[in-house]
Colleague: 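Dropping a structure here in structure tokens format, bear with me for questions.
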Amino acid sequence: GNPSPYATAWPRWLLLTIKALCYMMVAWAVWPGSWISGVWPAYAQLFVIVGDHVGRRAPMMDDILSKYKGQTAVVFLHQLPSVLWSALILHQLSDQRRGAHMRAHRLAGYVILASA
């Protein structure tokens, strides 16, 4: 069929790589490098329970659990905006969504710039 008038000129492999990295960033910030690790004390215990359940506990777990402890400002000014940025980039790179929802695309662009 005819290409979308909003189609990007970027190589497909590059778009797929960027999308995969954004998905990874969102997944990482939710678990295990969670934004709640420095905000919700019970998260550390949950992390240990899951680690014990799967039968292993990686050495990095303690680093992750203590990384944001007592640094709420860092969590809310760095980690949460990075998740928002990564999730919205996925929307920005979708030709179908961009063409069908141009106003949302533009608004997402403003939010991306503000969160960067």
Side-chain angles (χ1 to χ4, degrees):
N2 293 334
S4 166
Y6 303 105
T8 61
W10 294 15
R12 183 165 172 77
W13 67 266
L14 181 59
L15 290 174
L16 291 174
T17 301
I18 292 169
K19 288 178 181 183
L21 290 171
C22 287
Y23 279 119
M24 183 204 69
M25 180 63 188
V26 171
W28 176 259
V30 173
W31 182 271
S34 178
W35 64 272
I36 60 176
S37 64
V39 179
W40 184 43
Y43 177 77
Q45 186 59 32
L46 177 63
F47 208 100
V48 171
I49 290 169
V50 170
D52 290 345
H53 178 71
V54 296
R56 62 177 179 253
R57 203 163 160 215
M60 67 166 192
M61 287 183 176
D62 294 326
D63 292 340
I64 291 170
L65 292 175
S66 63
K67 184 174 184 178
Y68 295 111
K69 188 174 184 176
Q71 299 183 32
T72 308
V74 172
V75 170
F76 288 105
L77 296 175
H78 172 71
Q79 212 169 6
L80 287 180
S82 71
V83 170
L84 181 64
W85 186 92
S86 295
L88 289 175
I89 286 293
L90 294 168
H91 175 78
Q92 292 295 93
L93 294 176
S94 170
D95 289 336
Q96 294 83 11
R97 288 185 184 147
R98 184 180 323 126
H101 306 285
M102 191 54 117
R103 187 172 180 190
H105 172 76
R106 190 174 295 119
L107 178 62
Y110 294 139
V111 172
I112 287 169
L113 284 175
S115 68

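What you are looking at is a predicted structure, and each value in this text was computed from that prediction instead of being measured. Excluded from the calculations below are hydrogen atoms, water molecules and symmetry mates; all remaining heavy atoms, backbone and side chain alike, are included.
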Colleague: With sequence neighbours left out, what residues match Leu16 under side chain to side chain contact (heavy atoms under 4.5 Å, CB included)?
Modeller: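 In terms of side chain to side chain contact (heavy atoms under 4.5 Å, CB included), with neighbours along the sequence ignored, Leu16 is linked to Arg12.
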
Colleague: Testing the basics here: between Ser86 and Cys22, what is the closest heavy-atom pair and its distance to 0.1 Å?
Modeller: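 Taking every non-hydrogen atom into account, O-CB, 3.5 Å.
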
Colleague: If you compare all heavy atoms of Ser115 against all heavy atoms of Pro81, which two are closest, and at what distance to 0.1 Å?
Modeller: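 So the minimum-distance heavy-atom pair works out to O-CB, 3.8 Å.
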
Colleague: Hydrophobic clustering (ILVMFWY, side-chain heavy atoms < 4.5 Å, transitive) - are Val111 and Ile89 grouped together?
Modeller: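 Same cluster.
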
Colleague: For Val26 and Ala87, which heavy atoms make the closest approach, and how far apart are they?
Modeller: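 Smallest heavy-atom distance, with atoms named: CG2-N, 3.9 Å.
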
Colleague: Give the cluster check for Leu21 versus Leu84: same hydrophobic cluster or not, with ILVMFWY residues linked at side-chain heavy-atom distances below 4.5 Å.
Modeller: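 Different clusters: Leu21 never reaches Leu84 through Ile, Leu, Val, Met, Phe, Trp or Tyr contacts under 4.5 Å.
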
Colleague: Which value, rounded to the nearest 0.5 Å, describes the distance between Leu90 atom CG and Gln92 atom CD?
Modeller: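 Reported value, rounded in 0.5 Å steps: 10.0 Å.
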
Colleague: Are Ile112 and Leu14 connected in a single hydrophobic cluster, I mean Ile/Leu/Val/Met/Phe/Trp/Tyr linked by side-chain heavy atoms less than 4.5 Å apart?
Modeller: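 In one cluster with Leu14: Ile112, yes.
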
Colleague: Of all heavy-atom pairs between Met25 and Ser82, which one has the smallest distance, and what is that distance?
Modeller: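 Closest approach of Met25 to Ser82, heavy atoms only: CE-OG, 3.1 Å.
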
Colleague: Check the hydrophobic clustering (I, L, V, M, F, W, Y; side-chain heavy atoms under 4.5 Å; chains of links allowed) and say if Leu88 and Leu77 are grouped together.
Modeller: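 No, separate clusters.
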
